[in-house]
Amino acid sequence: MLPLAPLAATTAIAAGRALAGVAGAALGTATGGTAKIRKTAQDFESMFLETTLDKLNGSTGSDGPLGENGTGGGVYRSMLNKEYAQSIVKSGGVGIGDQVMREMLRMQEAGNAAAA
């Protein structure tokens with residue numbers, strides 16, 4: 001059994017810190033920034049899902065459709081996980097992106113209120 005909760009928490013904290021820096025710069029100049037915020041939130045969710053899928057598939061060994069293909073198998077497995085993650089996000093995701101977007105919009109409103 002994989003300990004997913006600590007993995008999710010660690011990944012979310014690291015990505016949240018990275019996004020806070022990016023979001024702070026992006027939100028400072030936002031006029032039509034909602035689309036940019038949505039894109040950033042979706043990118044975060046995709047990255048999170050890709051990391052999670054990498055960890056899940058790493059624990060299954062080299063069995064499966066990609067089998068043991070030397071070092072190339074790992075590259076293709078990583079690319080497959082990235083495509084899976086992007087497909088999940090395009091089909092509505094798991095809700096992480098929506099929560100990140102709401103938090104970024106809240107940060108933007110707080111920044112605008114402080115500036116006014």
Side-chain angles (χ1 to χ4, degrees):
M1 178 186 262
L2 289 173
L4 290 179
L7 169 68
T10 304
T11 304
I13 289 169
R17 288 181 180 154
L19 282 175
V22 172
L27 295 177
T29 61
T31 53
T34 303
K36 195 173 188 177
I37 291 172
R38 180 180 310 279
K39 171 83 171 90
T40 302
Q42 288 175 341
D43 288 347
F44 170 76
E45 185 171 8
S46 179
M47 178 195 66
F48 176 79
L49 290 173
E50 182 182 346
T51 302
T52 303
L53 290 172
D54 278 340
K55 294 292 182 187
L56 286 172
N57 287 334
S59 67
T60 61
S62 59
D63 293 340
L66 298 176
E68 289 191 35
N69 297 324
T71 56
V75 171
Y76 286 117
R77 188 169 289 115
S78 175
M79 292 168 58
L80 183 62
N81 288 335
K82 184 174 186 172
E83 289 300 318
Y84 283 155
Q86 289 175 349
S87 293
I88 291 170
V89 170
K90 284 180 185 174
S91 65
V94 295
I96 296 170
D98 293 337
Q99 291 177 352
V100 169
M101 184 174 167
R102 280 194 298 270
E103 184 64 26
M104 291 173 72
L105 289 171
R106 188 186 64 76
M107 290 170 49
Q108 182 181 26
E109 290 172 5
N112 289 342

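Numbers for residues simply follow the sequence, beginning at 1.
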Which atom names give the shortest non-hydrogen contact between [X] and [Y], and what distance separates them?
X: A85; Y: S46; answer: CB-O, 3.4 Å
X: E45; Y: V94; answer: OE2-N, 2.6 Å
X: M104; Y: T40; answer: CE-CG2, 3.9 Å

Could you go through the side-chain contact (heavy atoms from CB on, under 4.5 Å) check for E83 and M79 one step at a time? CA-CA 6 Å; E83 289 300 318; M79 292 168 58; 5.7 Å; no

Can you tell me how far [atom2] of [Y] sits from [atom1] of [X], rounded to the nearest 0.5 angstrom?
X: L53; Y: L80; atom1: CG; atom2: CG; answer: 9.0 Å
X: Q108; Y: T34; atom1: CD; atom2: OG1; answer: 6.5 Å
X: T52; Y: I88; atom1: OG1; atom2: CD1; answer: 9.5 Å
X: Y84; Y: N57; atom1: OH; atom2: CG; answer: 8.0 Å
X: F44; Y: L49; atom1: CZ; atom2: CG; answer: 9.0 Å
X: D54; Y: K82; atom1: CG; atom2: NZ; answer: 11.0 Å

Kindly indicate, with the supporting measurements, whether the criterion salt bridge (Lys or Arg N to Asp or Glu O under 4.0 Å) is fulfilled by E109 and R106. CA-CA 5 Å; E109 290 172 5; R106 188 186 64 76; over 6 Å; no

D43: what forms a side chain to side chain donor-acceptor pair (under 3.5 Å) with it, not counting sequence neighbours? K39

For residues 86-101, pull every pair meeting side-chain hydrogen bond (donor to acceptor under 3.5 Å, both in side chains), keeping only residues two or more places apart or in separate chains. none

